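Written out below as structure tokens is the structure these notes cover.
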Amino acid sequence: MTSRARRLALAAVPLWFTFAIVFFHTPWRTKFLVSSVFAATVVAPSYGLLIVAALAPLGRLIEIGLDLQPYRIGEAITLAFLAGWLLRPDTDRRFRSGPRAPAVAMALVAAAVCASIVAQAVRVSQYAGELPDTLGILFQAYYLVPDRIGFDAGARLLEGLGLLAATTMLLRADVRLAVRLPVVMTAAAIAAALSSLLATRGIAPAEVLAEQARLGSRISAHVADVNAAASYFGMLLFVALGMAARRWSAAAGWRTWLRSRAFLISLLWLAAAGAEAVALRATGSRTGVAAAAIMFSVAAVLAATARARPRARAVTFAVLAVAAVAAGAWRARALQNDPGTSFRRQFTIASVHMIAARPAVGVGIGQYYDTSPLFLTPEMAWVYGAQNAHNYFLQIGGELGLVGLAFFLGLMIVVVWQGARALAVRPDDLRLLGCLCGAVVLLITSLTGHPLLVDEVASTFWMLLGLVVALSGSALRSVPGNVVESGRPWRRPAAVGGVAFAALLVAALSVARRPIEPPISTAVDGMEPWETAPDGARFRWTHESASVFVPRDVTRVYIPVRLPTDNPRIAPIAVDVHAGGATRGRMLVGDSWAILNVELAPLQSLLGYKRVDLRMDKTWQPAIYLPGSSDLRRVGVQVGDLKLFREY
């Protein structure tokens, strides 16, 4: 298959979703915006990329301002650009030499995503009518309604890979993008920061103001996730700093710089960096601020030692690394009793259990949230019901398995390593330093959040990653004697991706039809192992929070509970019941068996189990209150054998 044919094949999906907006019943504002992006990209792909860089980060504000919610307008703009760019293969053919995207690493990630989508389609086909309904949603309402097979979640990751490739190739064709793209990205960030400032003054749409009221002192208007907003501003802060430093480094001395136009341009970049720093601080994200502080120290050392000897730079970085580890240890100790730290730890426990359930291929792309009720700790299940991982790498591991996680990490490592190599040979390239530090900031914040699940943040990150690849590739190629990649770039990645797709699809299909079961773990159900009471009754002790799981077709469950003491300092214990996102009542439990009669609503997801959460108002130690007991565990009540009902 020729390169043109491959690009046209890849263009089919984004082209369909772009044309669907034009021909289906959508608001004229949406038609005009998307078709304009598509037409501009076909005429001049580099300008299409700049339009995406300007509009995609502000997608939510555009949706609200044009009354287009819940339409994913940022993704629609991105797909329109990708469709137009892929229809212009001549753009890259005329510039075969130059930096290339890490095609093999990208092909492996794409293979993992595509295999996961196909396997989920097979799984959904087990349920009567579900697969046709899902395909109908994808055909008619892709931007409006989430689907069952993870197509939208997988597509957004593939769109990110497309933006990475497009940015790299277009920079090879038009070197002016190396300046224009950071300018447009920064302008969008300033607009986002300004929207947050206006929101604090009460100048914003009602929906944004209501969101700000919920967030309290934490401020973010352009996206609802304040932690993702912190990742965004922290990332672009270093882009602006790198561009400002580039202008200074290009001048022949301080005096020349102060008398030149570069001084004024540097001031503008520094002002933009200041606005982004203020917006970052306003989000109230401790991780975002800490990541920015760490990378600022690293960037400052790199810039200050650009002309130093390698040994001196190595010693400097060793000292910096020791200081960073010491500061991290001190901070970790200070946060030991922080409630937020406990929640992060519980999210990690849930993710580890999810990965263990399907270690090779995961539970399916886009399925973490819907599957999480089977793996959350009882406390987290009571608070959230269902939730994302709050760690994007663990999210990828849960959805795509350890293989998919390895492919994703491999792609990130390849890009960062290439940037580090380029800085080793061109330490004075401060623009590359700023872009690389910005990308690393987002990756650091992804350890405690999921900014790449937010389209407005993800689109900018993938373009920035493409900018890093292009700048570092150019720097490495400028070194005399460096080996230049040659040959047909499509053949090897396509073959590797095809083999990986086939292998992962076989592995995923082997487990797709088996339901995912909740793990047998106290960390998940909050109960101790089965025991037998002196009267012969089987029971399990609960902790302060506990959960029971029943098959999805169960419509009612009787849960026997008791407290084996009538000591007035303990009895009775109040037990609250929660199931299906609603409170199911409260019961005072004493020393005789009582029945929690819990009615269960139909599941909206395709999980094989329903979860019922219990919360006790106190815990106690049997050794203190039960004669002859040596049990010092802190427990709640005893739960006996469940009685299940299936009413049709």
Side-chain angles (χ1 to χ4, degrees), residues 53 57 167 177-194 196 229-251 254 257-258 260-283 285 287-307 313 316-317 320 324 415-416 419-420 422-423 426-445 451 457 460-461 463-472 475:
T167 304
L177 280 174
V179 174
R180 291 176 175 175
L181 190 57
V183 168
V184 174
M185 286 179 173
T186 303
I190 292 174
L194 182 61
S196 295
S231 301
Y232 173 78
F233 289 121
M235 172 174 61
L236 291 177
L237 166 63
F238 286 91
V239 174
L241 290 174
M243 295 298 290
R246 170 179 173 269
R247 284 289 179 174
W248 169 78
S249 64
W254 284 93
W257 177 62
L258 289 172
S260 67
R261 190 166 68 98
F263 173 68
L264 295 177
I265 297 176
S266 295
L267 285 182
L268 290 176
W269 281 113
L270 289 174
E276 290 162 347
V278 171
L280 167 61
R281 183 68 183 86
T283 62
S285 171
T287 301
V289 172
I294 291 171
M295 290 313 302
F296 184 82
S297 302
V298 172
V301 171
L302 278 172
T305 60
R307 294 179 174 83
R313 298 185 84 195
T316 303
F317 271 101
L320 186 64
V415 174
V416 173
L423 287 174
R426 289 286 304 276
D428 58 337
D429 192 344
L430 300 182
R431 175 175 54 189
L432 172 58
L433 175 61
C435 292
L436 180 59
C437 288
V440 173
V441 163
L442 186 134
L443 293 176
I444 292 175
T445 58
V457 179
T460 302
F461 170 76
M463 287 185 282
L464 181 60
L465 220 58
L467 190 57
V468 170
V469 170
L471 293 176
S472 56

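The first residue in the sequence is number 1, and the count goes up from there. Note that the structure is a prediction, hence the values are computed from the model and not measured.
The CG atom of Leu436 sits 6.5 Å away from the CE atom of Met295 when rounded to the nearest 0.5 Å. Distance check: Leu430 CG to Cys435 SG gives 11.0 Å after rounding to the nearest 0.5 Å. Taking CD1 of Ile444 as the reference point, atom SG of Cys437 lies at 9.0 Å (rounded to 0.5 Å). Note that CZ of Phe233 and CD1 of Ile190 are 10.0 Å apart. Values are rounded to the nearest 0.5 Å.
For CZ of Arg180, the number of neighbouring non-hydrogen atoms (other residues, nucleotides, ligands) closer than 6.0 Å is greater than 12.
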#### Entry: Worked check of side-chain contact (heavy atoms from CB on, under 4.5 Å) between Leu467 and Arg431
CA-CA 10 Å; Leu467 190 57; Arg431 175 175 54 189; over 6 Å; no

### Task
Report the C-alpha separation of Phe238 and Val440 in whole Å, then their side-chain angles, then the decisive distance to 0.1 Å, and conclude whether the side-chain contact (heavy atoms from CB on, under 4.5 Å) test is met.
CA-CA 10 Å; Phe238 286 91; Val440 173; over 6 Å; no

### Message
Using the rule given for side-chain contact (heavy atoms from CB on, under 4.5 Å), can you reason through Ser285 versus Thr445, listing the C-alpha separation, both sets of side-chain angles and the distance that settles it, and then say yes or no?
### Response
CA-CA 9 Å; Ser285 171; Thr445 58; 5.9 Å; no

### Task
Begin with the C-alpha distance, continue with both residues' side-chain angles, and end with the deciding distance and a verdict on side-chain contact (heavy atoms from CB on, under 4.5 Å) for Leu237 and Val441.
CA-CA 10 Å; Leu237 166 63; Val441 163; over 6 Å; no

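Between Ser472 and Gly419, the shortest heavy-atom distance links the atoms CB-CA, 3.8 Å. Residue Ala193 comes nearest to Ala279 through the heavy atom pair CB-CB, 3.7 Å, listed as atom of the first residue, atom of the second, then distance. Here the closest non-hydrogen pair linking Ala422 and Leu432 is CB-CD2, 3.6 Å. Nearest heavy atom pair, residue Leu423 against residue Asp429, reads CD2-O, 3.6 Å. Scanning all heavy atoms of the two residues, the minimum distance from Leu241 to Ala273 falls at CD2-CB, 3.8 Å. Annotation for Leu442 and Met235: closest pair CD1-SD, 3.9 Å, computed over non-hydrogen atoms.
Across Val469, Leu181, Leu177, a single residue satisfies side chain to side chain contact (heavy atoms under 4.5 Å, CB included) together with Thr167, and that is Leu181.
Counting heavy atoms from C-beta outward, Pro57 and Tyr232 have side chains that approach closer than 4.5 Å. Put simply, the side chain of Thr186 reaches to within 4.5 Å of the side chain of Trp269, judged on heavy atoms.
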